[in-house]
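Every heavy atom of this structure was used, including side-chain atoms; hydrogens, water molecules and symmetry mates were not.
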Amino acid sequence: METTVIILFFLALCLSLFKPLLGIYSFIAIAYIRPQDYFPILNNFMPARLIIFVTLISYLFNQFRSGKKNIPTKQNLGLFLIFLSISLSRIKAIDSLAWWSATLDFILILIFYFLLTNLITSYKKLQKFYRAFLCINFFIAIRYIYAYKTGTAVILGGRLSDASMGFLGNADDMGLGMVVAFAYGLIPIFFSEKIITKILYGITATCFMLAAVISGSRGTHAGITAVFIISILTFLKPRRLNNKKFIFGLLLVLTLFTLFLVKYRYTLHDSYFSVQNEDDSGRIGRESTWAAAKQMIKDSPVIGIGRGNFVAYWMANYPPGVYGYQVAHNVFLEVTSEIGILGLLSYLFFSLFGIYEVFKIRKQYKEQLKKYSFIDMLFTVYLIGIFGFFLNGMTITVGFYWHIFILVAIFVSAKNVFLKEVENGRKI
């Protein structure tokens, strides 16, 4: 099996050199599934980094040969400003190695976002990528559920997690990943034309929901519940209910939500009331880290204390918290403390400017958008996914994980495809 995986990796590497779009698929599979955690020999090749850099070289060569221009978007400016803020935060960084490691991770995000938004430029490519990305998340959810059911899941921090690293290696982060994936799986139930397709998406969304619940994260429980409620309210509008596909989708989602509430009512009840308890260990720990983060923001409000330096700065300047030195456990405090207020504003601009664009497009191209159901679906996934991400992110450290950047990248690609087709007067 190890030999097979190595052969597949080098095959993917060769294909990426000639077909940069295949490099995108290979990279996202490696970044999420992380085969190197199960076959350590792959770590010698740094598979994700190698794939993405080969793909970048291939893409730039093809661009130079064809003379095509890269697609400009407002989100590009936001990413540039985030990178600038990370660079400026080096001034205050105590641990230069941690800063460089975190910066390199962000460079990978920059490259992937740049490649995705410039390679997924047609309706068919967008559909294929969306389905592939959904399948990758589905695989992770099934793997996690299977490990949970068979008792082989890894216990980290007293809770069950995926036998992997990255965001999968922590129950809270794994849960948030499933909350965002849940939006990818739930919204297509409304938009699908065929009943069988709605059912398949319903099964997929149920797996994401189950994986999120068994993570044991209370923030995740709130995130799943919120995504359900916001999705249902979105499609209760009269103009939506005039369409049979939305009515059937709404009934199916309402059924799933009812089953969710009935099945996990005690779990949700315990999650809610445990948070209200002032003596709850999770609440005490987070209040401690939030206090440290607020002090860091006071110490360096403009440029932050250095990307990836939260723990190092805490250890060097303040006494330990209730549970020692921990990460920020809040996406807003994490970003602001590490790269400053300017960094936070850049981060929010990148993440949220698309909300303004969605409403502008829906107002300006109301009639045209009716013909492009899949694009409209992706807009809705973005809006609800953003809400789930930030709500769940209020209690965990996920500001620079892949979730938000891929969510925005898919939205930007959908926006670019739609506007190009409308401008050219073609029907997708």
Side-chain angles (χ1 to χ4, degrees), residues 24-25 27-28 31-32 52 70-86 105-121 125-127 129-130 132-134 136-137 167 173 176-188 223 227 230 331-332 334-335 339 343-362 374-394 396-420:
I24 286 290
Y25 284 101
F27 176 78
I28 199 69
Y32 270 72
I52 199 67
N70 298 321
I71 300 173
T73 68
K74 298 292 185 182
Q75 285 78 7
N76 291 358
L77 173 62
L79 267 186
F80 171 77
L81 292 174
I82 295 172
F83 183 69
L84 180 62
S85 299
I86 290 174
D105 286 341
F106 189 75
I107 290 173
L108 294 180
I109 289 172
L110 272 174
I111 295 172
F112 178 79
Y113 172 88
F114 171 77
L115 290 172
L116 180 61
T117 54
N118 284 279
L119 285 171
I120 308 295
T121 54
K125 288 179 180 179
L126 194 60
Q127 275 190 317
F129 180 81
Y130 183 85
F133 186 59
L134 199 65
I136 289 172
N137 280 279
F167 73 86
D173 300 342
L176 179 132
M178 291 296 100
V179 168
V180 177
F182 184 57
Y184 290 113
L186 190 69
I187 302 306
V227 169
I230 296 298
V331 63
F332 299 106
E334 173 197 7
V335 174
I339 62 174
L344 176 66
L345 293 176
S346 303
Y347 186 88
L348 293 176
F349 175 79
F350 167 77
S351 306
L352 303 179
F353 186 76
I355 298 175
Y356 165 76
E357 291 182 305
V358 168
F359 285 102
K360 182 180 178 181
I361 288 173
R362 284 179 170 172
F374 180 70
I375 300 294
D376 195 21
M377 183 197 80
L378 292 183
F379 289 168
T380 308
V381 168
Y382 163 73
L383 294 175
I384 294 176
I386 283 286
F387 182 84
F389 173 83
F390 278 112
L391 177 66
N392 199 169
M394 294 291 288
I396 52 178
T397 314
V398 291
F400 295 95
Y401 280 179
W402 289 94
H403 317 300
I404 186 69
F405 299 99
I406 292 178
L407 188 65
V408 174
I410 292 175
F411 160 72
V412 169
S413 294
K415 176 191 67 175
N416 292 338
V417 168
F418 174 72
L419 293 178
K420 182 179 70 173

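- Side-chain N or O atoms of N118 include one that pairs as donor or acceptor with a backbone N or O of F114 at under 3.5 Å.
- Residues F106 and L79 meet the side-chain proximity criterion, which asks for heavy atoms closer than 4.5 Å.
- Checked against the 6.0 Å centroid threshold, Y356 and F353 count as a close aromatic pair.
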Practice task
In sequence, state the C-alpha distance, the side-chain angles, and the governing distance for V227 and F387, and then conclude on side-chain contact (heavy atoms from CB on, under 4.5 Å).
Solution key: CA-CA 8 Å; V227 169; F387 182 84; 5.6 Å; no

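- To the nearest 0.5 Å, atom CZ of residue F390 and atom CG of residue L176 are 10.5 Å apart.
- Contact annotation: the side chain of Y184 approaches that of I406 to within less than 4.5 Å [non-hydrogen atoms, C-beta and beyond].
- E334 places a side-chain heavy atom less than 4.5 Å from the side chain of F400.
- Using modelled atom types, no side-chain atom of N392 and backbone atom of G388 make a donor-acceptor pair closer than 3.5 Å.
- When side chains are defined from C-beta on, L352 counts as touching I386, because their heavy atoms get closer than 4.5 Å.
- With hydrogens and angles ignored, the 3.5 Å screen pairs no side-chain donor or acceptor of Y32 with any backbone N or O of F133.
- F350 and Y113 have their aromatic ring centers within a separation under 6.0 angstrom.
- Atoms CG and CG, from L110 and L115 in turn, are 10.5 Å apart once rounded to the nearest 0.5 Å.
- A 4.5 Å side-chain heavy-atom check between H403 and V179 finds every atom pair outside the cut-off.
- The heavy-atom pair separating K74 from F349 by the smallest distance is O-CE2, 3.3 Å.
- Counting all heavy atoms, side chain and backbone alike, R362 lies closest to T380 at NH2-OG1, 2.9 Å.
- Atoms CG and CG, on L378 and L383 in that order, are 11.0 Å from each other to the nearest 0.5 Å.
- Taken to the nearest 0.5 Å, the NZ atom of K415 stands 6.5 Å off from the CD1 atom of I361.
- With S351 as reference, I404 is the one residue of L407, I82, I404, V331 to meet the side chain to side chain contact (heavy atoms under 4.5 Å, CB included) rule.
- Contact record, S85 with G343: OG-CA, 3.4 Å, taken as the closest heavy-atom pair.
- Between N137 and M178 there is a side-chain heavy-atom pair separated by less than 4.5 Å.
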Practice task
Show your reasoning for whether side-chain contact (heavy atoms from CB on, under 4.5 Å) applies to F418 and D376.
Solution key: CA-CA 9 Å; F418 174 72; D376 195 21; over 6 Å; no

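- Using a 4.5 Å heavy-atom cutoff, the side chains of Y382 and V408 are in contact.
- The closest donor-acceptor contact from the side chain of Y347 to the backbone of L81 lies at 3.5 Å or more, if one exists at all.
- Ring geometry, F112 versus F129: the interplanar angle falls from 30° to 60°, so the pair is classed tilted.
- Taking both residues in full, the closest heavy atoms of Y130 and G185 are given as OH-N, 4.5 Å, listed atom of the first, atom of the second, then distance.
- Minimum heavy-atom separation, A409 to L116: CB-CD2, 3.4 Å.
- When ring centroids are compared, W402 and F27 come within the 6.0 Å threshold.
- Separating the CG atom in N416 from the CG atom in L126 is a distance of 10.0 Å, to the nearest 0.5 Å.
- Taking all atoms of both residues into account, the shortest heavy-atom contact from E357 to F411 is OE1-CE2, 3.5 Å.
- The distance from the CD1 atom of I24 to the CD1 atom of I28 is 8.0 Å, given to the nearest 0.5 Å.
- Enclosure of atom CE in M394 is not indicated, since only 12 or fewer non-hydrogen atoms of other residues, nucleotides or ligands lie within 6.0 angstrom.
- Under a cut-off of 6.0 angstrom, the local environment of CZ in F332 is crowded, with over 12 non-hydrogen atoms contributed by other residues, nucleotides or ligands.
- The backbone N or O of T121 lies less than 3.5 Å from a partner atom in the side chain of K420, making a donor-acceptor pair.
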